[in-house]
There are 2 protein chains.
Amino acid sequence: MARPTIADIAERAGVSKGAVSFALNGRPGVSEETRRRILAVADEMNWRPHRAARSLGNSRAGAVGLILSRPARTLGLEPFFGQVVSGLQAGLAEDGTALQLLVVEDPEAEMAAYRNWTAEKRVDGFVLLDPLIDDPRFPALEALDVPVMVLGGPLPDTSLSYSWADDSEAMHEAVDYLAALGHRHVVHVAGMPQFLHTKRRMDVLTEAKARHELAEVVSIPTDYSDSEGAVITRRVLSRRERPTAIVYDSDVMAVAGLGVALEMGVRVPQDLSILSFDDSLLARLTHPALTALTRDTQGWATEAARELLRLIADPSLTVRHPSSTPVLVPRESTAPPAGH
Amino acid sequence: MARPTIADIAERAGVSKGAVSFALNGRPGVSEETRRRILAVADEMNWRPHRAARSLGNSRAGAVGLILSRPARTLGLEPFFGQVVSGLQAGLAEDGTALQLLVVEDPEAEMAAYRNWTAEKRVDGFVLLDPLIDDPRFPALEALDVPVMVLGGPLPDTSLSYSWADDSEAMHEAVDYLAALGHRHVVHVAGMPQFLHTKRRMDVLTEAKARHELAEVVSIPTDYSDSEGAVITRRVLSRRERPTAIVYDSDVMAVAGLGVALEMGVRVPQDLSILSFDDSLLARLTHPALTALTRDTQGWATEAARELLRLIADPSLTVRHPSSTPVLVPRESTAPPAGH
DNA sequence: ACAACGCGCTCCACATGCGTC
DNA sequence: TGACGCATGTGGAGCGCGTTG
């Protein structure tokens, strides 16, 4: 026996298709009694609405897109993605909305996917990750006139909605903490410089130099890979004047850096303090466990998903939503510098 | 101006809707010349098929589902998921098929989602992870009569298709290696006992005991968490007769176990060899780096995705596909036991 | 409460034209 | 001359639902 349709229900309940539709969607137009009868029949026949048919009528796809243009393997490496995906998923599931995932190789393919999925009405909106400085995706998506929620920001000069994490505040907290411990030579192993949040963290750092009268503060951009984290660490620890503290923009790099310190006989935290701007299981599993800035990435994504659903329901909205600021969790990798 | 439809193209090209449909889908029924003209017009008008309309017509959703019933946070922790997701994605993208992801809390919700998504024709098939012993999902999915590809196996007593990794072979390799090094007391910190692959690995181990005349071989089931990995490690290392080697079913547990060894002053690999059945960046970042059984999870998933697409195209098929056997990568965490 | 239509596409039954035996 | 095959295209029913008169 085939999948039941509203026509089947109508026949069985002795009413018209229209009445069934009204009843199933809780719309006026049928009496309470027939509504109940219809619902009973639908339930009995195990009816479920056909997504495509529903979408065709009301032009709601019932799905949102997440398109990532990172090399596919980083998906497995960075815990961040898993957290974002499951967080988004949780927020969307409340509404029965699905998450469509696409991993592409380059930004061009990413842009093409936005255009195609919008034109095909495959999704009702998008979630964007990792906003860039002068991000070309923003004007393109504004032109497409499709609901978008950016995870990150605040974003200047855009009408897109976003949910921003206060990276500046967090970086302040980190630097203040290191300065309070007595550190005056600090290196920041940063992420990709085109990322907006990388820039924001770097800015705080240069500013902090003056404020705390630090002797040295440098930000060194990387591609977030463990190998670059290791290379940079080896380089700065090989200098005559070593930093006494290093701040890493990801826990993967921080762990790699810790490995280099060990390999070079630099004791952590006695000779070198390590602070990770990113927290996950990884930071807790090492010895010493890493002091880190931690935040509820999953909750952040869930909230962003809810906002996106609101946006889809009412496209005239614009959301500028602050998420919770990352919190410093001191563990074993930070201490006052030697002789302090 | 609104989204163009095939009717618009038909009008502009001076042909019928049917001809346009044929031309756009590469079907016979139109001459090469008109086909070209139609394609040119479609391209010029920037036409894209409306997914819902297409689905409604040919009853193909153009998407496959992946439903996970693990606590949401493990998604961010286990690199395995990210690799599977991006791997599947890569295979599906070749066909323009989307991946719909759902994370649920419990097996009941997982089953409900299979039923709903099938009934709603939201997806054309499913990918299943982590097959269990007497898995209740199998008969349910067989009853739903929907294409399914299981990542894991081989599975007895099911008509579902699967792509199996040779866990037995891999475990043999691991144990043979440890035995060859001279280890006679081996502990296996296993995964969840209801998982089919866990059982298979355990079976190999008990069998290996006799074959290699080992003094001790025990498998201890866990929930894959770092904390259980640590607890079990602490326990077995506290015994009078310590094991000289531990095999962990996941790299997260292996790293946690390594931490415990360090904390207890047990030197790795001099006093204790550690072998992880699971490889990822994690296993390489530790000191010492972990000897691990490595495999191309992403490629495995990609191949499985392709098979699933084949299955969807021809539901009469059944696929029993072996994937490549995991390979032992010796790193720094394994060595002959003391006094050998 | 009903009948009928529309959403955009697929697909099938059926013309139409042309050359061939 | 007509009957037939083939290639090319047309028209429209139908997919399952929402919605209007």
Side-chain angles (χ1 to χ4, degrees), chain A residues 1-39 41-42 45-62 96 116-124, chain B residues 1-39 41-42 45-63 96 116-124 313:
Chain A
M1 108 192 159
R3 185 183 168 287
T5 72
I6 54 168
D8 299 324
I9 298 176
E11 191 184 359
R12 190 97 89 103
V15 293
S16 73
K17 285 190 340 184
V20 174
S21 181
F22 286 141
L24 292 171
N25 292 301
R27 248 169 243 274
V30 286
S31 73
E32 228 6 82
E33 197 209 316
T34 43
R35 179 189 306 278
R36 244 193 292 278
R37 197 177 72 241
I38 292 172
L39 288 179
V41 173
M45 298 183 79
N46 228 313
W47 176 87
R48 296 250 105 209
H50 190 297
R51 280 240 48 107
R54 181 169 272 185
S55 299
L56 189 55
N58 70 8
S59 75
R60 248 318 142 70
N116 289 346
W117 285 16
T118 305
E120 295 174 5
K121 294 213 180 260
R122 201 189 251 273
V123 295
D124 298 319
Chain B
M1 112 184 163
R3 191 180 166 285
T5 72
I6 53 168
D8 299 326
I9 299 176
E11 191 184 1
R12 190 99 91 100
V15 292
S16 72
K17 281 189 347 183
V20 174
S21 181
F22 286 145
L24 292 170
N25 293 302
R27 245 170 246 273
V30 287
S31 71
E32 227 9 80
E33 197 208 316
T34 44
R35 178 189 306 276
R36 245 193 291 278
R37 198 177 73 241
I38 291 172
L39 288 179
V41 173
M45 299 182 79
N46 228 312
W47 177 87
R48 298 251 105 209
H50 189 298
R51 282 244 41 113
R54 178 168 278 184
S55 299
L56 192 55
N58 68 5
S59 73
R60 256 309 146 72
N116 289 345
W117 285 16
T118 306
E120 295 174 6
K121 293 211 179 256
R122 202 190 249 274
V123 294
D124 298 319

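So you know, we letter chains A, B, ... as the sequences are listed, proteins then strands, and number each from 1.
- For Gly57(B) and Gly29(B), each mapped to the nucleotide of DNA chain D holding its nearest heavy atom, the one lying further toward the 5' end belongs to Gly29(B).
- OP1 or OP2 of dG9(D) lies within a sub-4.0 Å distance of a side-chain N or O belonging to Thr34(B).
- In this structure, of dT20(D), dT10(C), dG8(C), it is dG8(C) that holds the atom nearest to the side chain of Arg3(B).
- Dashed line: the shortest gap from a side-chain N or O of Ser16(A) to OP1 or OP2 of dA3(C) is not under 4.0 Å.
- Contact check, Asn58(B) against dC15(D): no side-chain N or O comes under 4.0 Å of OP1 or OP2.
- Note on Ser31(A): only backbone sugar-phosphate atoms sit closer than 4.0 angstrom, heavy atoms only; bases stay farther off.
- If you check dG18(D), dG8(C), dG9(D) against the side chain of Lys17(A), the one that comes closest is dG18(D).
- Side-chain contact check for Leu39(A) versus Leu24(A): some heavy-atom pair is nearer than 4.5 Å.
- Residue Arg35(A) is classed as having no contact, given no heavy-atom separation below 4.0 Å to the nucleic acid.
- Closest non-hydrogen pair, Ala313(B) versus Arg60(B), comes out as CA-NH2, 4.1 Å.
- Closest contact between the side chain of Ala19(B) and the listed nucleotides dC2(C), dG8(C), dT10(D) involves dT10(D).
- At least one side-chain nitrogen or oxygen of Arg27(A) sits closer than 4.0 Å to the OP1 or OP2 atom of dT19(D).
- Between Pro4(B) and Asp8(B), the shortest heavy-atom distance links the atoms CA-OD2, 3.3 Å.
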Would Val41(A) and Ile38(A) satisfy side chain to side chain contact (heavy atoms under 4.5 Å, CB included), going step by step from the backbone distance to the final call? CA-CA 5 Å; Val41(A) 173; Ile38(A) 292 172; 5.8 Å; no
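- Residues Ile9(A) and Ala42(A) share a closest heavy-atom pair of CD1-CB, 3.7 Å.
- Considering only side-chain atoms of Ser21(B), the nucleotide from dC11(C), dT10(D), dC2(C) that sits closest is dC11(C).
- Between Thr5(A) and dG16(D) there is no side-chain N or O to OP1 or OP2 distance below 4.0 Å.
- Here the rule is side-chain hydrogen bond (donor to acceptor under 3.5 Å, both in side chains) with Glu120(A), and of Arg48(B), His50(B), Arg54(B) only Arg48(B) fits it.
- Side chain of Phe22(A), nearest nucleotide from dC17(D), dC2(C), dC9(C): dC2(C).
- Here the P atom of nucleotide dG16(D) and the CZ atom of Arg48(A) are 17 Å apart, to the nearest Å.
- Smallest separation of non-hydrogen atoms from Ala53(A) and Leu56(B): CB-CD1, 3.7 Å.
- Neither OP1 nor OP2 of dG8(C) sits under 4.0 Å from any side-chain N or O of Arg54(B).
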Tabulate protein N/O versus nucleotide N/O from nucleotides 14-17 of chain C, keeping only pairs under 3.5 Å, one per line.
none

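- Nucleic acid contact class of Arg51(B) (heavy atoms, under 4.0 Å, all strands): none.
- Within 4.0 Å of Pro49(B), counting heavy atoms only, lie sugar-phosphate atoms of the nucleic acid but no base atom.
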